[in-house]
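The structure displayed is predicted, hence computed values, not measured ones. Below, read A as the first sequence line, B as the second, and so on, with proteins coming before strands; counting in each chain starts at 1.
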Number of protein chains: 2
Amino acid sequence: MALKHSKQREMIKAFLMERKDHPTADVVYMNVRQKYPNISLGTVYRNLTLLSELGEITRLRVGDGVDHFDADTSPHYHFVCTECGQVIDLEMESIEKITDIAGAGFDGRIAGHVTYFYGTCGNCTKPN
Amino acid sequence: MALKHSKQREMIKAFLMERKDHPTADVVYMNVRQKYPNISLGTVYRNLTLLSELGEITRLRVGDGVDHFDADTSPHYHFVCTECGQVIDLEMESIEKITDIAGAGFDGRIAGHVTYFYGTCGNCTKPN
DNA sequence: AGTAATATCAGTAACGATTACTAATTTTAT
DNA sequence: ATAAAATTAGTAATCGTTACTGATATTACT
């Protein structure tokens with residue numbers, strides 16, 4: 001099970017790192033294919049899963065039925081625009097304490113939380 | 001487009017109301033079929049979607065790849081056990097203010113948030 | 001460098017959840 | 001009772017994702 005180097009995995013990671021939006025597997029596939037035309041969609045999925053298991057990227061589920069991926073693994077929150085579907089990073093004060101709030105009086109052990117915000121993004125609120 | 005009464009929809013709603021867990025479409029299907037053997041899975045899906053559009057139930061996406069449904073539409077949060085997969089209601093102090101925190105300095109308009117907590121539930125932490 | 005072991009690949013088939021289609025049935029207003 | 005329209009059962013199709021397979025690439029060891 002020792003990990004071996006792979007050009008495909010490297011390119012997928014590199015592509016994700018140069019994007020500040022949060023591409024889906026299909027978007028990764030389309031783009032990496034520009035430089036490496038015969039990469040397979042299965043390879044993209046396999047490596048995205050592997051990279052997220054390794055903790056090198058984060059898998060984002062924002063309720064739109066498609067997984068998004070983020071090479072920025074530092075803790076931060078996301079905003080999903082209900083108009084255009086974009087997923088944007090939020091710069092905000094920590095809300096980590098909500099895990100403690102939820103844990104108060106709870107029987108089990110809370111390991112963490114998933115939170116995302118939704119609404120209308122800056123672009124979509126602009127008059128046109 | 002006027003809504004017409006349907007026994008199927010009524011039974012789906014009634015079933016959801018008598019459950020305090022948060023069944024998936026398939027679980028609804030299995031159970032309603034006990035009383036109404038030739039209901040169709042498509043009918044279950046269609047009515048679950050319709051009911052949630054009407055605001056009579058809530059569709060829950062807790063990252064396990066399957067939608068769960070909740071007849072309790074009052075604002076509350078959920079806990080997902082990573083051991084047994086159960087989805088449980090949390091009774092906790094309001095954390096509504098996180099929407100304001102997220103909105104501070106944000107360009108667009110934040111309409112709301114989705115949050116769920118995960119970890120190990122009371123049952124699964126018990127020694128066995 | 002050459003070779004063997006094995007991780008990874010491309011390509012494609014399969015999968016599970018959900019949605020769309022269609023002709024038949026129910027509901028509701030007249 | 002009748003007609004218009006919503007709803008249904010049943011099934012086919014869709015979509016994102018995962019699994020399979022024989023070929024290729026990477027690494028460890030001579």
Inset, instruction - Please work out which of the three classes, parallel, tilted or perpendicular, describes the rings of B/Tyr77 and B/His113, given edges at 30° and 60°. - result: parallel
Inset, instruction - Report the distance from atom CZ of A/Arg33 to atom P of C/dC9, rounded to the nearest whole Å. - result: 16 Å
Inset, instruction - Ignoring hydrogens and angles, tell me if any N or O in the side chain of A/Arg9 forms a donor-acceptor pair with the backbone of A/Lys4 under 3.5 Å. - result: yes
Inset, instruction - Say whether, by atom type as modelled, one donor and one acceptor occur between the side chain of A/His68 and the main chain of A/His22 under 3.5 angstrom. - result: yes
Below 3.5 Å is the cut-off: list the nitrogen or oxygen pairs between protein and nucleotides 27-30 of chain C, distance only.
unit_1	atom_1	unit_2	atom_2	d
C/dT27	O2	B/Lys4	NZ	2.9
C/dT28	OP1	B/His5	N	3.0

Inset, instruction - Work out which heavy atom in A/Cys84 is nearest to a heavy atom in A/Cys121; give both atom names and the distance. - result: SG-SG, 3.9 Å
Inset, instruction - Hey, which sits more toward the 5' end of DNA chain D by its nearest nucleotide, A/His68 or B/Pro37? - result: B/Pro37
Legend entry - Length of the CZ-P vector between A/Arg61 and C/dA17, whole Å: 13 Å
Inset, instruction - Round to a whole Å and report the spacing from CZ of B/Arg59 to P of C/dA17. - result: 14 Å
Legend entry - N/O donor-acceptor pair under 3.5 Å between A/Thr82 side chain and A/Gly119 backbone: yes
Legend entry - For B/Asp21 against B/Pro23, the heavy-atom pair lying closest together: O-CD, 3.4 Å
Legend entry - A/Glu53 CD - C/dT8 P separation (whole Å): 12 Å
Inset, instruction - Select base, sugar-phosphate, or nothing to describe what A/Asp67 touches, counting heavy atoms under 4.0 Å on all strands. - result: sugar-phosphate
Legend entry - 5' precedence on DNA chain C between B/Tyr45 and A/Thr43 (nearest-nucleotide basis): A/Thr43
Inset, instruction - Grab the CG-C1' distance between B/Asp64 and C/dG16 for me, whole Å please. - result: 13 Å
Inset, instruction - Select one nucleotide: of C/dA10, C/dT18, D/dA9, the one nearest the side-chain heavy atoms of B/Leu41. - result: C/dT18
Inset, instruction - Could you tell me whether B/Arg9 contacts a base, only the sugar-phosphate backbone, or nothing, with contacts defined as non-hydrogen atoms closer than 4.0 Å? - result: sugar-phosphate
Legend entry - Closest listed nucleotide, where the reference is the side chain of B/Asn47 and the choices are D/dT8, C/dT18, C/dA10: D/dT8
Legend entry - Residue met sooner reading DNA chain C from 5', once A/Gly42 and A/Arg46 are mapped to nucleotides: A/Arg46
Inset, instruction - Could you check how far CG of B/Leu48 sits from P of C/dA17, rounded to whole Å? - result: 14 Å
Inset, instruction - Over all heavy atoms of both residues, which pair between A/Phe117 and A/Ile95 is shortest? Give the atoms and the distance, please. - result: CZ-CD1, 4.4 Å
Legend entry - Rounded distance (Å) that lies between atom P of C/dA17 and atom CG of B/Asp26: 7 Å
Inset, instruction - Would you kindly give the OH-to-P distance between B/Tyr29 and D/dT8, to the nearest whole Å? - result: 14 Å
Inset, instruction - Looking only at side-chain atoms of A/Tyr36, point me to the closest of D/dG10, C/dA10, D/dT17. - result: C/dA10
